[in-house]
Amino acid sequence: MLAQDSILRLDATAIDYIIIALYFTFVLGIGYLAKRAVSNSLDFFLSGRSLPAWVTGLAFISANLGAIEIMGMSANGAQYGMPTVHYFWIGAIPAMLFLGVVMMPFYYGSKVRSVPEFMLRRFGKTAHLVNAISFAVAQVLIAGVNLFLLATIVNVLLGWPIWLSLIIAAAIVLSYITLGGLSAAIYNEVLQFFVIVAALLPLTIIGLHKVGGWQGLVDKITADPNGGSQQLHAWPGEQLSGFTSSWLSVIGVVFGLGFVLSFGYWTTNFVEVQRALASKNMSAARRTPIIGSFPKMFIPFIVIIPGMIAAVAVPEMQQLKANKGDGSVTYNDALLLLMRDLLPNGMLGLAITGLLASFMAGMAANLSSFNTVFTYDLVERYIVKDRDDAFYLRLGRWATVGGTIVAIGTAAIASGYSNLMDYLQQLFSFFNAPLFATFILGMFWKRMTATAGWVGLVSGTSTAILVFILSETGAIDLPGQGASFVGAGAAFVVDILVSIVVSMATRPKTDEELKGLVYSLTPKQDRTEVAEEGDHGWYRKPTVLAGISLAMVVVLNIVFG
């Protein structure tokens, strides 16, 4: 279907196209400039470990501001309302702070080039191979989500068929990642962060004005029989969790989302960790996720609120929410419909550019982490060993091309979901929840063995897949994102139990082998950074910044609870 025949058609004019063209010029220019700094594989895959904390901190959060965050969270806002903030205040900030304060010293201090490489040192080759393969598969699946929505925007804007839009959109991202590697991705992510905020903040302000301000939005949602006042409060969030019981909903949100899914994603996902590993020193690496937590806690106001406004102000969304839709729109369209109805030309071009920026940031993050794991952890480790550095640099670029081609195929999977957050949370329950269980047990329990590492991972992943199958076949009734919450919790518990049983029956590594990999066996001086020039101020201390961030999140939960 061409966009001319769609109710999502955005009537862009010359000024809108000029804004978009300027943005692409900057994006490709950054890729070209970054190419000149790439002289070896470390430069390409980890920016030579040379970037300041504010750059990696903004890139850390921008890498997550992809299709998942923008379209998925606005869809959740339209469907569930304020409980969606749990993905930020419960399901992100605490884990990001834990990564910076506790886990980053192990990653950065051990000088590993990827999260799977850390698994190799702690648990051996089998666990490493399982983690590397599952991560690579997950990244091309998630890249497909970003690519599908990026192609949808091109389709809506220009009226091109989706298949052609997919190829064009993929070529844009591929060009600058192939040129400049991680540096190109990171500096573009910093640019994209500001573009996204500049695009979505006016949409939120204009939307609130249209519905009569915040109180007007409250009144309209309260009067809506399909949502009601429960969509104005974050807790207990039964619609989001899928539980009818308030206390079960709170447990599901806190344990399933806030602990298992969240910590599994933010502390072990190489897409995010890679940004911190590109930092210039230990202090910068630890501050990277903590700096990112400050803008992260305010993203709901420019992502979720527009979704809530669309649900009460856009006729098609009102019909969808009343179960009277004709199938022409889904919750994923909430942001596009609001842009269509509210934004004048010029501002529309900026908003479209912001969406393009968000999808490109997400896809670029997936590809830059995929090419690193594919090259370092799969090919160099198991297939083509001991070649010169130039070979792996070329391979990294070709891996980017291959990952992009596969992502074009996986975009078809994403197109089958009306709410993409359902799909993404399902993937996270498969891959991230069991990985976090293995990581956290292995980091704090020296008795855990290499065999337990891979057996626990496989057992946990299999459990999450089983819960998904039972939910899809109707054997268990878990609406909303309850299946992913339960699947993640079950995967975590099974992984822990299996790992403990297997560890007791197999031989662990010696204490000397585990130094730097297990918390109790790593001296304190190896778990903290030596203050370097410029890092002495209190505002550069990771624990102080983390404490301020945590306090602010508590206040936000109280105010909007």
Stepwise side chain to side chain contact (heavy atoms under 4.5 Å, CB included) test for Val455 and Val498: CA-CA 7 Å; Val455 173; Val498 169; 3.6 Å; yes
Strictly distance-based, threshold 3.5 Å: is any side-chain N or O of [X] a donor or acceptor partner for the main-chain N or O of [Y]?
X      : Y      : value
Arg286 : Val101 : yes
Thr410 : Ala407 : yes
Thr84  : Gly81  : yes

Any side-chain heavy atom of [X] within less than 4.5 Å of one from [Y]?
X      : Y      : value
Met448 : Arg122 : yes
Ile290 : Leu97  : yes
Ile186 : Leu182 : yes
Ile500 : Trp445 : yes
Asn557 : Ile90  : yes
Val401 : Leu174 : yes
Ser293 : Ser549 : yes
Ser520 : Phe444 : no

Nearest heavy-atom pair of [X] and [Y]: which atoms, and what distance?
X      : Y      : value
Leu517 : Arg121 : CD1-O, 3.3 Å
Ala491 : Gly460 : CB-O, 3.1 Å
Ser499 : Ser503 : O-OG, 2.7 Å
Phe106 : Gly516 : CD2-O, 3.3 Å
Pro116 : His128 : O-CD2, 2.8 Å

[Y] and [X] side chains, donor-acceptor separation under 3.5 Å:
X      : Y      : value
Gln274 : Thr372 : yes
Arg275 : Ser369 : no
Tyr80  : His86  : no
Thr438 : Asp495 : yes

From Val314, Leu335, Leu338, residue fulfilling side-chain contact (heavy atoms from CB on, under 4.5 Å) relative to Ile309: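 Single pass found, and it is Leu338.
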Derivation and outcome, side chain to side chain contact (heavy atoms under 4.5 Å, CB included), residues Thr267 and Ile440: CA-CA 10 Å; Thr267 66; Ile440 205 70; over 6 Å; no
Trace of the side chain to side chain contact (heavy atoms under 4.5 Å, CB included) decision for Leu457 with Met119: CA-CA 11 Å; Leu457 267 179; Met119 288 287 286; 3.7 Å; yes
Thr506 and Thr451: CA distance, side-chain angles, deciding distance, side chain to side chain donor-acceptor pair (under 3.5 Å) verdict: CA-CA 7 Å; Thr506 50; Thr451 304; 4.7 Å; no
Lys446 atom NZ, neighbour heavy-atom count above 12 within 6.0 Å: no
Flag if over 12 foreign heavy atoms under 6.0 Å of CH2, Trp89: yes
Rounded distance (nearest 0.5 Å) linking atom OG1 of Thr268 with atom CE of Met103: 7.0 Å
Proximity of Phe374 and Phe135 rings by center, below 6.0 Å: no
Check against side chain to side chain contact (heavy atoms under 4.5 Å, CB included), Asp377 and Glu117: CA-CA 7 Å; Asp377 293 287; Glu117 190 173 327; 3.8 Å; yes
Plane angle bin for Phe118 and Phe439 - parallel if under 30°, tilted between 30 and 60°, otherwise perpendicular: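 It falls in the parallel class, under 30°.
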Ion pair Arg113/Glu380, N-O distance below 4.0 Å: yes
Trp266: which of Phe436, Phe98, Phe60 passes ring-ring contact (aromatic ring centres under 6.0 Å, His included): Phe60
